[in-house]
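Presented below is the structure to which this report refers.
Just so we're on the same page: letters track the sequence lines, and every chain starts at 1.
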Number of protein chains: 2
Amino acid sequence: MPHIVAAAVSAGLPGKVPVADYEACPVTHAVRMLGDKWTLLVLMLLAERAHRFNELHRRVDGISQRMLTRTLRTLEDDGLVVRTVFPTIPPGVEYGLTARGRELLVPLSALADWVVRDSAA
Amino acid sequence: MPHIVAAAVSAGLPGKVPVADYEACPVTHAVRMLGDKWTLLVLMLLAERAHRFNELHRRVDGISQRMLTRTLRTLEDDGLVVRTVFPTIPPGVEYGLTARGRELLVPLSALADWVVRDSAA
DNA sequence: CCGGATCCTATAGGATACTG
DNA sequence: CAGTATCCTATAGGATCCGG
């Protein structure tokens, strides 16, 4: 199965969809990651500009240090965010979007636009 | 704040984003709902055609009856799925996408396409 | 056939304290 | 400054049984 959405729209899914296929689908992984509690907000702040860790921590009202770290790490592992260390004293760390991260904003914005237009009606 | 993604891309977010605003944003709600464990798969099966409850239960390998009910109820509350009851004996129930649900497939497919093209690289 | 009610477990996420 | 480690709680989700 290439990806579940395309498969469904074009060829149709098999009679019983194996749970392993669904779990392995990159689209499944992507929407789950986007659905994590703080992912969207962090992504939007980084879309604006690169941020220092504590700077993000101050702007994201209510997030715990632990979850900010975890959210950034996940985004980094998915290649959407890049972490840059400045060997100053004390060391500074900057988080910014990768090219991939900025590209994601295009279809994500389209989805967001639809949601807003739709929820207005 | 109209919606967080547009706000970020155009005007920029306020210095500190109030957690209440983030939680109230319809886009936040939408991506979280899409990120729920079974939402995507159920949506794709219903995109193919309308299904009976047990028919879905058989096709979605590994889902519990409880979660299928909850997933469908949530989709129905969000106006993406419609539930039709046939007063036969025993009663039959059919679930299908609403017009809104079919419209959602457009930006969702675009996102899915990007994810797949991206994860191939 | 289509669920609701109940109970249980696993995981997401928060609070706090500590370090290079 | 930018985390890691630990502990704790809340919620998502699964299993099972029951009813219209």
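- Here D:dT16 presents its C1' atom at 12 Å from NE2 of B:H57, a figure rounded to the nearest Å.
- Taking a heavy-atom distance under 4.0 Å as the criterion, the stretch of DNA chain C touched by chain A extends 5' to 3' from C:dG13 to C:dA17.
- Distance, A:M67 CE to D:dT6 C1': 16 Å, rounded to whole Å.
- A:R70 comes within contact range of no nucleotide atom at all, as no heavy-atom separation falls under 4.0 Å.
- A distance of 15.0 Å separates CG of B:L108 from CZ of B:R102, quoted to the nearest 0.5 Å.
- Here the side chains of A:Y95 and A:H51 are not in contact, with every heavy-atom distance at 4.5 Å or above.
- With rounding to whole Å, A:H51 atom NE2 is found 16 Å from D:dA2 atom C1'.
- Spacing between atom CG of A:N54 and atom P of D:dG3 amounts to 9 Å, rounded to whole angstrom units.
- Following rounding to the nearest Å, A:R73 (CZ) and D:dG3 (C1') show an atom-to-atom distance of 8 Å.
- A:R100 has no carboxylate O lying under 4.0 Å from a charged side-chain N of A:E103, or vice versa, which leaves the two without a salt bridge.
- A heavy atom lying under 4.0 Å from DNA chain D marks the following residues of residues 82-91 of chain A, by number: A:R83, A:P90, A:P91.
- In this structure, A:G62 and B:Q65 both approach DNA chain C, and ranking their closest nucleotides by distance from the 5' end singles out B:Q65.
- Linking Ile, Leu, Val, Met, Phe, Trp and Tyr whenever their side-chain heavy atoms come within less than 4.5 Å puts B:M67 and A:V19 in one cluster.
- Note on B:V82 and B:L75: separate hydrophobic clusters, where clusters join Ile, Leu, Val, Met, Phe, Trp and Tyr whose side-chain heavy atoms are under 4.5 Å apart, directly or indirectly.
- Within the 4.5 Å cutoff, side-chain heavy atoms of B:V42 are placed close to those of B:L72.
- A salt bridge does not link A:E23 to B:K37: none of the charged side-chain nitrogens sits closer than 4.0 Å to a carboxylate oxygen.
- Using a 4.5 Å heavy-atom threshold, the side chains of B:E94 and B:F53 count as separate.
- Rounded to the nearest 0.5 angstrom, B:M44 CE and A:T28 OG1 are separated by 9.5 Å.
- If you measure from atom CG of B:D61 to atom C1' of D:dG14, you get 14 Å, rounded to the nearest angstrom.
- Phosphate contact (OP1/OP2 of D:dG3, side-chain N/O of A:Y95, threshold under 4.0 Å): present.
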